[in-house]
Amino acid sequence: MTNKTTKNISFKRLLTSCGITVVVLVAAMVVAVGVYAGMQAFSRPPAIPTHVEIRDPMDNRISNINSSDNNTISVNTNEDTPPQILAVMERKPLFFTFLLFALDSGNNADVIIVGAYDTTTEEAFAISIPRDTLIETNRRLRKPVAAYAVGRLGGGGHEGGVAMLKSDMQTLFGFTPDFYVNINYEAFIKMIDAVDGVEINVPFHMRYDDPTDNLRINIPSGTQTLNGQQALHFARFRNANPGFMAITDYQRIENQQKIIRALLNELMTPRTITRVPEFIRIYGEHVNTNLTYREKLWFGTQFVGAENMAVSMYTLPMAYTRREGWYEVPDRAEVLELVNRTVNPFVQEITAEMVRILQ
């Protein structure tokens, strides 16, 4: 009799405990949904120009027509006569382009991605740019990894660095990305931790120690859930200590894309709605961007819990490696085909005259 009574009491306590847990979870969901609904009401999609003038990519001169002040691109020229306009391109409605990049401690662009989001089809595209890609500028050949440092240290500060990196992307893609998102390592770590890590199959034991950069990577092989710090190490890994495997820059890009895809898969699940306030805090504290607060909220409401969104990732196609200076030379025809199929924000196709890609 005593045992039965004890069991009933224990069961009631368990039921009560579960009931409290359910109430707490429901309350959290209500708060999160309320925040989410408030975000949707307050947020708004960015205003983009309806048409864009495309000029000589060597001069990097692009002017927006019918654009707001926030979207106008200043055109600087030392010539008395401006270059001939190649085309006036019509923008796709609610189609947005992005430059995403991460910097190392030396102001080098360690990760460079040009992306696009089509809200009408719920499709997102991302094209990774290898660090050694050949970029032809007005003065010399350059790699995009150095573009931010050149612009920043040349007297332009952060905005000058962003402008230089955008300019390099314009020579490759035929358009200047609408927005930039500069993510630091701390934001990356915290976003991964906020979704309780990401599951990744590590192909081999990654080990690398660099005291000068305060970098110590030690990730065993196998499928496992990586926390934020481990995910960052997985994404950054390229070199290795003697006796361990190293990888190419292309394999490194593949690893970065694996992490991004795994994070997006987590963000696009319904359970992430409860973590919207945390994502907002992380984004606000650790991400540098030209998106306004309302625009950030609007894009956040598009991505979080968007289970039907299709995300496609690519790497900029290359034709060959130029040994002198070790440049990766893009394949112009393949680049144009990929750009027009994915991130092109215009109704018309981008043509070879609109890019600056040496062959």
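Note that the structure is predicted; figures quoted are calculated from it, not measured.
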Output yes when a side-chain donor or acceptor of [X] lies under 3.5 Å from a complementary backbone atom of [Y], and no otherwise.
X      : Y      : answer
Lys166 : Gly161 : no
Arg252 : Arg236 : yes
Glu123 : Thr119 : no
Arg356 : Gly174 : no

> Can you list the residues that meet the salt bridge (charged side-chain N to carboxylate O under 4.0 Å, His left out) rule with Glu159, with sequence neighbours excluded?
Replying inline: none
>> My understanding is that only residues two or more places apart in sequence, or in another chain, count here; which of them pass salt bridge (charged side-chain N to carboxylate O under 4.0 Å, His left out) with Arg142?
In response: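 Counting only residues at least two positions away or on another chain, Arg142 forms a salt bridge (charged side-chain N to carboxylate O under 4.0 Å, His left out) with Asp168.
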>> Could you go through Thr133 and Glu328, starting from their C-alpha distance and side-chain angles, then the distance that decides it, and tell me whether this counts as side-chain hydrogen bond (donor to acceptor under 3.5 Å, both in side chains)?
In response: CA-CA 5 Å; Thr133 299; Glu328 297 291 341; over 6 Å; no
Between [X] and [Y]: side-chain donor-acceptor atoms closer than 3.5 Å:
X      : Y      : answer
Asn218 : His205 : yes
Ser128 : Gln257 : yes
Thr225 : Glu199 : no

Any side-chain heavy-atom pair from [X] and [Y] closer than 4.5 angstrom?
X      : Y      : answer
Val198 : Ile259 : yes
Ile350 : Leu336 : yes
Leu99  : Ile112 : yes
Ile135 : Leu172 : yes
Asn340 : Glu349 : yes
His233 : Ile219 : yes
Pro46  : Arg294 : no
Ile113 : Ile129 : no

> Using the ring of each side chain (for Trp, its six-membered ring), is Phe98 parallel, tilted or perpendicular to Phe299, with breaks at 30° and 60°?
Replying inline: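 Geometry flag for Phe299 against Phe98: perpendicular rings.
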>> Below 30° counts as parallel, above 60° as perpendicular, anything between as tilted: where do the rings of Trp298 and Phe96 land?
In response: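 Perpendicular, since the angle between the ring planes exceeds 60°.
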> Listed by chain and number, what are the side-chain hydrogen bond (donor to acceptor under 3.5 Å, both in side chains) partners of Asn255, not counting sequence neighbours?
Replying inline: none
> Would His158 and Tyr148 satisfy side-chain hydrogen bond (donor to acceptor under 3.5 Å, both in side chains), going step by step from the backbone distance to the final call?
Replying inline: CA-CA 8 Å; His158 171 70; Tyr148 180 87; 2.8 Å; yes
> Can the positive tip of Lys296 be found less than 6.0 Å from the middle of the six-membered ring of Tyr283, inside 45° of the ring normal?
Replying inline: no
Nearest heavy-atom pair of [X] and [Y]: which atoms, and what distance?
X      : Y      : answer
Ala147 : Leu165 : CB-CD1, 3.8 Å
Val88  : Gln348 : O-NE2, 3.4 Å
Asn108 : Ala146 : OD1-CA, 4.4 Å

> Should Phe175 and Val343 be marked as a side chain to side chain contact (heavy atoms under 4.5 Å, CB included) after you check the CA-CA gap, both sets of side-chain angles, and the distance that decides it?
Replying inline: CA-CA 10 Å; Phe175 65 88; Val343 297; 3.9 Å; yes
> Step by step, would you call Asp104 with Tyr185 a side-chain hydrogen bond (donor to acceptor under 3.5 Å, both in side chains)?
Replying inline: CA-CA 8 Å; Asp104 64 15; Tyr185 291 157; 5.8 Å; no
